[in-house]
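Read the structure below first, then the notes.
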Amino acid sequence: MIEKPEEIRVNSPDLAVTIGNMILKNPVMTASGTFGYGEEYAPFVDLNRLGAVVVKGLSLEPRSGNPPPRIMETPSGMLNAVGLQNIGVRTFIDEKLPFLRKFDTAVIANIFGETVDEYRRMAEILSGAEGVRAIEVNISCPNVNKGGIAFGARPELAAEVTRGVRGETGLPLIVKLTPNVTDIAEIALAVEAAGADAVSLINTVTGMSVDIEKRRPHLANVTGGLSGPAIRPVALRMVWQVVCAVKIPVIGIGGIMTASDALEFIITGATAIQVGTANFVNPASVLKILDGMGEYLVRHRMVNIAELIGSLNTHA
Ligand SMILES: Cc1cc2nc3c(=O)[nH]c(=O)nc-3n(C[C@H](O)[C@H](O)[C@H](O)COP(=O)(O)O)c2cc1C
């Protein structure tokens, strides 16, 4: 390899990161459920510039989701109870993947199920689909065979679903953790031991809001998932705990609205980040975040983002 002269390297830092056997051109991804299937945002965002597009959560069969109202704005965030509405894994492959294949970005399929077998079958189907670069497993969903407790709430259930998916796919396997637990590091360690290549966190924080005049919950589902800036300090704290516990890469998610928010996660030790609710505020947020991260590296004369990942100094 020909070495770049020092000035050129400083002005065009290398943002590439590795997750499992997947090299991403940069660490900026879209968060599942906030960027549709990519196509919806393509008029506003050059998808070629993104490290990865994580698509809306897919189930084995299509789902219509929860009844309205499903979204409620809250201070510094939003509550949603969309209920994982989606077109199903087969329609995704037939109707959405051909569009995404045209772009020079990694397509990550986010999946969820109600049984381990459903997760396994989806992993098998997606592994044969041209253009899917990795699988992200959402374990925030209730396990119908275990009385409805979320897979992500217990280390043994989280490990079981991870092992099931691992057995069906050679694609990089990212397990997406729920913050609605007492000890997130314990769950992260369990999925690492079960074969995950990376973990992403956090999913939404369970919340609730009430209309006092009607004395009814604002969401038809009563509770919903809180996202946006309100959850960022919680997300960052959990990323820190998980980074300290596991050896696999950690992908930071939660309330990232600006480049400085993203950099907090990278400095804390996240290898990559995902942008969710910010996409609803400004569809071009992801690109502004990406540009701002590059500018920070230039300003600090860093030639490679690896210099920044986990560079947090916790000494007084
Ligand atoms: C409307 C909406 C839909 C979501 N759908 C999914 C989903 O299908 N699968 C999933 O793993 N996470 C889903 N999430 C969670 C986000 O991917 C992300 O983890 C969370 O919103 C926190 O990031 P943010 O604060 O940047 O939005 C959804 C979030 C929102 C707001």
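Counting starts at 1 for both ligands and their atoms, in listed order. Throughout, numbering of the chain's residues begins at 1 and tracks the sequence.
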If you measure every N/O of [X] against every N/O of ligand 1, is any gap under 3.5 Å?
| X | answer |
| --- | --- |
| G255 | yes |
| I231 | no |
| T34 | no |

If the cut-off is 4.0 Å to any non-hydrogen atom of [X], which atoms of ligand 1 fall inside it?
| X | value |
| --- | --- |
| A31 | 17 (O) |
| N138 | 9 (N), 10 (C), 11 (O) |
| T204 | 20 (C), 21 (O) |
| L84 | 7 (C), 8 (O) |
| T277 | 24 (P), 25 (O), 26 (O), 27 (O) |

In short, salt bridge (charged side-chain N to carboxylate O under 4.0 Å, His left out) pairs touching residues 225-249 with sequence neighbours left out are R232-D261

_N/O donor-acceptor pair under 3.5 Å between N180 side chain and T206 backbone_ = yes

query: Salt-bridged, K25 to D14, with N to O below 4.0 Å?
result: no

In terms of ring plane angle, is the pair Y37 and F92 parallel, tilted or perpendicular, where the classes change at 30° and 60°?
-> tilted

The side-chain contact (heavy atoms from CB on, under 4.5 Å) partners of D291 (sequence neighbours excluded) come to R49, E295

Exactly one of E136, Q274, K176 clears side-chain hydrogen bond (donor to acceptor under 3.5 Å, both in side chains) with S200, and that residue is E136

Where on [X] is there a heavy atom closer than 4.0 Å to ligand 1, on the side chain, on the backbone, on both, or on neither?
| X | value |
| --- | --- |
| R232 | neither |
| I202 | backbone |
| N110 | side chain |

Check your understanding: When you check the side-chain N and O atoms of S227 and T277, is any donor under 3.5 Å from an acceptor?
Key -> yes

